[in-house]
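Below is one structure, written out as structure tokens; the observations come after it.
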There are 2 protein chains.
Amino acid sequence: MPSKKSSVVADAAGDVWNAGCPSRRVLELVANKWALLIVPLLRGKPRRNNELLRKVGGISQKMLTQTLRELEQNGLVLREDLRTVPPHVEYRLSPLGLSLSRTLMAVDRWAEANHARIDAAQQAARARA
Amino acid sequence: MPSKKSSVVADAAGDVWNAGCPSRRVLELVANKWALLIVPLLRGKPRRNNELLRKVGGISQKMLTQTLRELEQNGLVLREDLRTVPPHVEYRLSPLGLSLSRTLMAVDRWAEANHARIDAAQQAARARA
DNA sequence: CAGTATCCAAATCGATACTG
DNA sequence: CAGTATCGATTTGGATACTG
């Protein structure tokens with residue numbers, strides 16, 4: 001009989017764990033705090049550059065642009081230039097981006113729900129050390 | 001009447017979006033590819049250093065140790081030294097880490113399920129540029 | 001408003017050599 | 001086996017100044 005196909009997580013040969021697999025690129029695209037913050041923020045209404053700059057605490061214009069461009073290049077974010085004067089540009093999620101946003105929102109929520117526990121654990125570790 | 005308390009995502013003042021909020025630290029802890037790969041790998045059985053080194057494609061000893069220590073310090077991973085000769089050390093998830101692993105697995109799975117779409121979008125973008 | 005361009009300090013990370 | 005220590009190349013990212 002053929003060996004049972006194990007679940008991806010049980011056996012690491014699966015996919016993202018394999019450097020070089022295309023899914024690893026996607027993981028790296030997503031594994032950064034600005035993407036983790038921006039993508040969920042883009043749900044619902046489209047957002048403008050300055051708006052994002054204000055809402056994403058601590059981000060610089062450089063990183064905002066860079067992250068948005070990267071997300072756009074990978075089909076997650078759509079950029080719409082209304083071609084007005086003064087300029088008005090809107091960013092929103094593509095359907096694919098919307099799908100991703102559900103997953104990333106879960107990460108954000110986990111962070112918010114558990115930061116107290118993490119902080120406590122860190123305190124305890126520091127006390128030990 | 002009091003203004004309706006908006007959902008965290010609808011209004012960014014919430015939490016992770018606020019630089020300086022403790023939950024942001026948690027986000028940064030998790031927003032890195034090695035954590036995203038290691039935490040889900042630790043589900044089920046405990047894993048050893050060399051085992052992880054092999055399973056997590058592309059990671060170096062340095063990054064493995066560094067990531068494990070960081071996760072340990074924050075209460076997500078438990079390190080057990082069996083104190084044998086030759087050394088035998090096992091890493092496993094704490095209950096908190098197990099909780100996180102469910103969220104992170106979803107990210108990994110999304111990457112695996114959608115990398116073809118992302119690749120296609122990127123191709124298209126390149127063709128355009 | 002919505003960016004781009006540039007400089008440069010700091011953080012990241014792999015490779016290598018070494019230890020208990 | 002399970003690390004630590006160190007060096008140096010690369011990357012990252014903020015600040016600042018400028019553009020259409």
Side-chain angles (χ1 to χ4, degrees), chain A residues 12 17-20 24-25 27-38 41-42 45-74 77-92 125 128-129, chain B residues 12 17-20 24-25 27-38 41-42 45-74 77-92 125 128-129:
Chain A
W17 287 276
N18 191 339
R24 174 68 77 92
R25 244 200 72 248
L27 196 75
E28 290 173 21
L29 180 68
V30 158
N32 99 47
K33 76 176 162 185
W34 300 128
L36 243 28
L37 290 171
I38 292 173
L41 248 187
L42 257 23
K45 36 177 174 186
R47 304 285 187 175
R48 303 179 60 173
N49 183 58
N50 271 4
E51 202 182 350
L52 290 169
L53 218 39
R54 282 190 310 273
K55 297 225 178 220
V56 181
I59 200 170
S60 64
Q61 173 68 57
K62 180 182 176 179
M63 289 314 294
L64 177 57
T65 303
Q66 185 176 307
T67 307
L68 285 171
R69 293 282 178 277
E70 205 168 338
L71 294 171
E72 193 195 354
Q73 282 240 332
N74 287 277
V77 161
L78 302 171
R79 189 191 114 113
E80 184 175 12
D81 186 339
L82 278 338
R83 308 191 132 282
T84 63
V85 158
H88 183 139
V89 176
E90 292 186 345
Y91 296 96
R92 60 196 176 84
R128 223 167 292 125
Chain B
W17 287 276
N18 191 340
R24 174 68 77 92
R25 243 201 74 249
L27 196 75
E28 290 174 22
L29 181 68
V30 158
N32 99 46
K33 75 176 163 185
W34 301 128
L36 243 28
L37 290 171
I38 291 173
L41 249 186
L42 256 25
K45 36 176 174 186
R47 305 284 187 175
R48 303 180 60 173
N49 182 59
N50 272 3
E51 201 181 350
L52 290 168
L53 218 40
R54 282 191 309 273
K55 297 226 179 223
V56 181
I59 201 171
S60 64
Q61 173 68 57
K62 179 181 176 178
M63 290 314 295
L64 177 58
T65 301
Q66 185 176 307
T67 307
L68 286 171
R69 293 282 178 277
E70 205 168 337
L71 294 170
E72 192 195 355
Q73 282 242 332
N74 287 277
V77 162
L78 304 171
R79 189 192 113 115
E80 184 175 11
D81 186 339
L82 279 337
R83 307 190 133 284
T84 63
V85 158
H88 183 139
V89 176
E90 292 186 344
Y91 296 95
R92 60 197 175 84
R128 224 167 290 127

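None of the values given here were measured: they were computed from a predicted structure. A note on names: the letters A, B, ... follow the listed sequences, proteins ahead of strands, and every chain is numbered from 1.
To the nearest angstrom, P of D/dG13 lies 13 Å from CG of A/L64. Remark: C1' of D/dA2 and CG of B/L53 are 10 Å apart, rounded to the nearest angstrom. The separation between B/H88 atom NE2 and D/dA2 atom C1' is 11 Å, rounded to whole Å. Distance, B/E90 CD to D/dG3 C1': 16 Å, rounded to whole Å. The CZ-P distance, from B/R69 to D/dA5, rounds to 11 Å in whole Å. Rounded to a whole Å, the CZ atom of B/R47 is 16 Å from the P atom of D/dC1. The CD atom of A/E80 sits 15 Å away from the C1' atom of C/dA2 (whole-angstrom rounding). Note: OH (A/Y91) to P (C/dC1) measures 14 Å, nearest angstrom.
For A/N50 and C/dC1, the shortest distance from a side-chain N or O to OP1 or OP2 is below 4.0 Å. Distances shorter than 4.0 Å separate none of the side-chain N or O atoms of B/R48 from OP1 or OP2 on D/dC1. For D/dG20, the OP1/OP2 oxygens have no side-chain nitrogen or oxygen of A/R83 closer than 4.0 Å.
Remark: the backbone N or O of A/G57 is paired with a side-chain donor or acceptor of B/R24 at under 3.5 angstrom.
Closest-nucleotide positions on DNA chain C for A/L68 and A/K62 were compared, and the one nearer the 5' end corresponds to A/L68. Mapped onto DNA chain D by nearest heavy atom, B/T65 and A/K33 fall at different nucleotides, with B/T65 at the one closer to the 5' end.
A side chain to side chain contact (heavy atoms under 4.5 Å, CB included) with A/L42 holds for exactly one of A/R47, A/E90, A/R92; it is A/R47. Considering B/R79, B/R83, B/E80, B/R48 in turn, B/R79 is the only one that fulfils the side chain to side chain contact (heavy atoms under 4.5 Å, CB included) rule with B/V89.
When both pairing distances are held under 3.5 Å, C/dG20 makes a Watson-Crick or G-U pair with D/dC1. Summarising the base pairing, C/dA10 is matched to D/dT11 through a Watson-Crick or G-U wobble pair whose two defining distances lie under 3.5 Å.
Comparing D/dG14, C/dT4, C/dC13 against the side chain of B/M63 picks out C/dC13 as the nearest. Listed candidates were C/dT4, D/dA2, C/dC1. Nearest to the side chain of B/R79 is D/dA2. Comparing C/dA2, C/dT4, D/dT4 by their nearest atom to the side chain of A/Q61 picks out C/dT4. Of the candidates C/dG14, D/dG20, D/dG13, the closest approach to any side-chain atom of A/P87 belongs to D/dG20. In this structure, of D/dG20, D/dC1, C/dG3, it is C/dG3 that holds the atom nearest to the side chain of A/V89.
With a 4.5 Å cut-off on side-chain heavy atoms, B/L68 and B/L52 count as touching.
Counting heavy-atom neighbours within 6.0 Å of B/R25 CZ, excluding the residue itself, gives a total above 12.
Between the OH atom of A/Y91 and the CG atom of A/L41 there is a distance of 14.5 Å, given to the nearest 0.5 Å.
Using a 4.0 Å heavy-atom distance criterion, B/Q66 is classed as making no nucleic acid contact.
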